[in-house]
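Okay, so here's the structure we're looking at.
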Amino acid sequence: MTRSEIIVSLNSLQSKINIEQYSFGGTNIWPMIKTKLFFILFKKYSSQDNPAKSAVHARKFRSIQLLVLSAFYSLFLRLSIKKSEIIFSGYEFEEVKIKNITKNKYYLLLEDICRKNDISFVYFNNYFKGLSYHIRNNSISIPLYLKVYRFIFKILKQFRLIKIKSEGIIERSLFLSELGLTNEELDIFLKELEMELLTLRVNIFAFKKILKKLSPSKIFELCYYNTTHYAINQVANSLGVITYDIQHGATGALHVAYANMNTTIEHKILPKYFWCWDKDSYSTVENWAQHQRFSEPLLLGNPWNIYLSSEGTLNQTNNTNKNTILLTLQFDVIDEKLLDIIYRTQTKYEWLIRFHPSMNRTKNNVINQLKAKGIKLDLEYPNKEHLPILLMQCYVHISRYSGSIIEANNLGKYSIIIDKIGKETFKSLIDDHEAFYIDDLNNLEEVIALISTKPILAQNVFDDLFKNIKVQILGHH
């Protein structure tokens with residue numbers, strides 16, 4: 001089953017069920033179920049190897065230490081936390097080093113606006129780096145804060161003081177027939193769902209406490225489709241706090257979390273606003289959001305690119321070289337045909353190969369491929385430099401279906417798409433001849449040569465987007 005077929009199956013299932021019955025503790029959880037089903041089906045049918053799992057297994061002693069620390073941390077926050085008008089919630093892999101400080105790249109512009117207008121803010125870091133780090137950086141470690149609450153709820157469940165049942169929520173026979181799951185696979189899904197529902201319940205309980213103390217007016221988050229942000233959205237939306245999910249990559253019709261919700265129900269676990277980079281991403285959300293009265297898209301551009309533009313960084317690096325080709329990877333393997341082309345043209349073109357952020361543990365697979373082929377490239381620079389700057393320097397960008405294709409287009413660069421998923425995701429760009437799709441890598445050099453004859457694409461008008469973002473941040477200010 002391809003990704004496209006999985007989406008079709010999920011949309012078919014969605015059209016046949018009563019979405020209103022998919023409720024847990026007064027929270028409609030269909031978006032959560034649909035997203036989880038997608039990943040289960042994608043894992044079942046995907047031909048790609050799953051990324052290597054983390055080898056970190058905390059010892060029992062370490063776990064007890066963290067539990068005690070979490071209890072003290074929760075108490076410390078309750079006693080010391082101050083009100084903040086804005087919350088920025090993000091992950092470590094979204095951070096970059098700029099001006100010798102490590103910051104979340106999508107929040108740099110927003111933080112700058114807050115500082116210049118005396119708007120208080122705090123970070124929700126979805127990682128733990130030690131108490132001193134989070135205190136020093138005006139951030140709250142969400143995993144550490146939640147740990148003690150999750151422990152308490154787990155004990156309550158073991159003593160059956162809390163009951164979590166997933167079996168009655170779904171229509172079993174319909175799930176089996178529509179999705180092609182076996183009874184055993186569906187049972188595994190239900191057991192995993194029970195664990196996620198318990199986590200959701202814990203998170204909602206814990207975030208009620210901290211959000212009431214912080215009393216924010218707005219919350220910005222990245223990657224809303226997890227139990228942390230589902231809970232934050234549920235609590236915030238019930239308290240009248242405005243929530244935003246900032247786009248962090250490609251969306252399109254094949255992204256289960258952003259396309260085809262197809263419902264008139266107000267899902268409070270969704271953000272109020274979907275901050276979109278481009279008109280196609282906006283349309284993806286608008287296609288379903290127009291049928292309900294809660295969530296809606298906003299076309300505000302990529303805040304990372306806008307920040308670099310406002311700082312003058314992009315203008316300083318606008319030295320496009322027609323011999324420079326940027327290849328952004330998503331998997332830890334390069335197609336043999338593509339390797340042959342890189343080997344044959346490594347003196348003709350300057351190839352910049354950039355690893356996906358998730359490839360930290362598996363990038364050696366690619367490095368070994370290049371060595372075995374006799375390809376000698378500088379891999380340090382393209383993986384140290386900021387992506388927008390690399391895009392400004394290259395003339396052609398090659399990728400499968402990465403969000404970097406949108407970024408390239410925003411910055412006036414052509415992309416060559418080499419994956420069917422990318423073909424469907426970026427159909428509009430291909431139709432407008434602002435990106436090119438090839439299903440045979442033997443045609444790659446011909447398309448590169450064709451692009452060299454094309455006029456330069458127009459860049460986004462970053463000044464206008466900057467003004468619109470200021471309106472969202474400042475609001476009543």
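All values reported here derive from a predicted model rather than from experimental measurement.
Salt-bridge check for Lys36 with Glu196: passed, with a basic side-chain N closer than 4.0 Å to an acidic carboxylate O. Taking 4.0 Å as the cut-off between side-chain N and carboxylate O, Asp440 and Lys337 count as a salt-bridged pair. Salt-bridge annotation for Glu336 and Lys373: present, with a side-chain N of the basic residue lying under 4.0 Å from a carboxylate O of the acidic one. The existence of a salt bridge linking Lys44 and Glu185 is confirmed by a sub-4.0 Å separation between a basic side-chain nitrogen and an acidic carboxylate oxygen. Ion pair Asp112/Lys116 flagged as a salt bridge, since at least one NZ, NE, NH1 or NH2 atom sits closer than 4.0 Å to an Asp/Glu carboxylate oxygen. Using a 4.0 Å cut-off between a side-chain N of Lys or Arg and a carboxylate O of Asp or Glu, Lys103 and Glu95 do not qualify as a salt bridge.
For the 3.5 Å distance criterion, the side chains of Thr243 and Asn237 qualify, holding a donor opposite an acceptor. Using modelled atom types, one finds a donor on one side chain and an acceptor on the other under 3.5 Å when comparing Gln472 with Tyr244. Side-chain contact annotation: Thr328 with Ser399, donor-acceptor N/O pair under 3.5 Å present. Residues Asn233 and Glu221 have side chains that bring a donor and an acceptor to within less than 3.5 angstrom of each other.
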Let's go through Asn126 and Ser89 carefully: what are the C-alpha distance in whole Å and the side-chain angles of both, what is the deciding distance for side-chain contact (heavy atoms from CB on, under 4.5 Å) to 0.1 Å, and is it a yes or a no? CA-CA 7 Å; Asn126 290 284; Ser89 180; 3.3 Å; yes
Would you please test Phe42 and Phe38 for ring-ring contact (aromatic ring centres under 6.0 Å, His included) and show each step? CA-CA 6 Å; Phe42 187 73; Phe38 169 80; 5.7 Å; yes
Show your reasoning for whether ring-ring contact (aromatic ring centres under 6.0 Å, His included) applies to Phe274 and Trp288. CA-CA 12 Å; Phe274 286 86; Trp288 61 265; 5.7 Å; yes
Set out, in order, the CA-CA distance, both residues' side-chain angles and the distance that settles side-chain contact (heavy atoms from CB on, under 4.5 Å) for Thr27 and Lys268, then state yes or no. CA-CA 7 Å; Thr27 301; Lys268 293 298 178 73; 6.0 Å; no
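Checked against the 6.0 Å centroid threshold, Trp304 and Tyr107 do not count as a close aromatic pair. In this structure, Tyr258 has its ring center under 6.0 Å from that of Tyr224. You'll find the ring centres of His255 and Tyr225 inside the 6.0 Å limit. Phe88 has its ring centre less than 6.0 Å from the ring centre of Phe121.
Put simply, the side chain of His356 gets close to the backbone of Ser358: a donor and an acceptor are under 3.5 Å apart. Looking at Gln346, its side chain does come within 3.5 Å of a backbone N or O of Lys376 through a donor-acceptor pair. A distance-only check finds no donor-acceptor pair linking the side chain of Asp245 to the backbone of Phe220 [under 3.5 Å]. Formation of a donor-acceptor pair under 3.5 Å by the Ser402 side chain with backbone atoms of Ser404 is found in this model. Put simply, the side chain of Thr425 gets close to the backbone of Ile421: a donor and an acceptor are under 3.5 Å apart. Checking side-chain atoms of Asn226 against main-chain N and O of Thr228 turns up a donor-acceptor pair under 3.5 Å. The main-chain N or O of Leu270 is never found under 3.5 Å from a side-chain atom of Gln234 such that the two would form a donor-acceptor pair. Within the 3.5 Å criterion, the main-chain N or O of Ile353 finds a donor-acceptor partner in the side chain of Asn383.
Note that Lys129 lies in the cation-pi zone of Tyr127, set by a 6.0 Å cut-off to the ring centre and a 45° limit from the axis.
Each of Asp332, Ile367, Thr362, Asn360 was compared with Phe355 under the side chain to side chain contact (heavy atoms under 4.5 Å, CB included) criterion, and only Ile367 meets it.
Taking each heavy atom of Gln290 and Asn287 in turn, the nearest pair found is NE2-O, 3.4 Å. Shown here for Glu296 and Ala289, the closest heavy-atom pair between the two residues is CA-CB, 4.2 Å.
More than 12 heavy atoms of other shown residues, nucleotides or ligands fall within 6.0 angstrom of atom CZ in Phe294.
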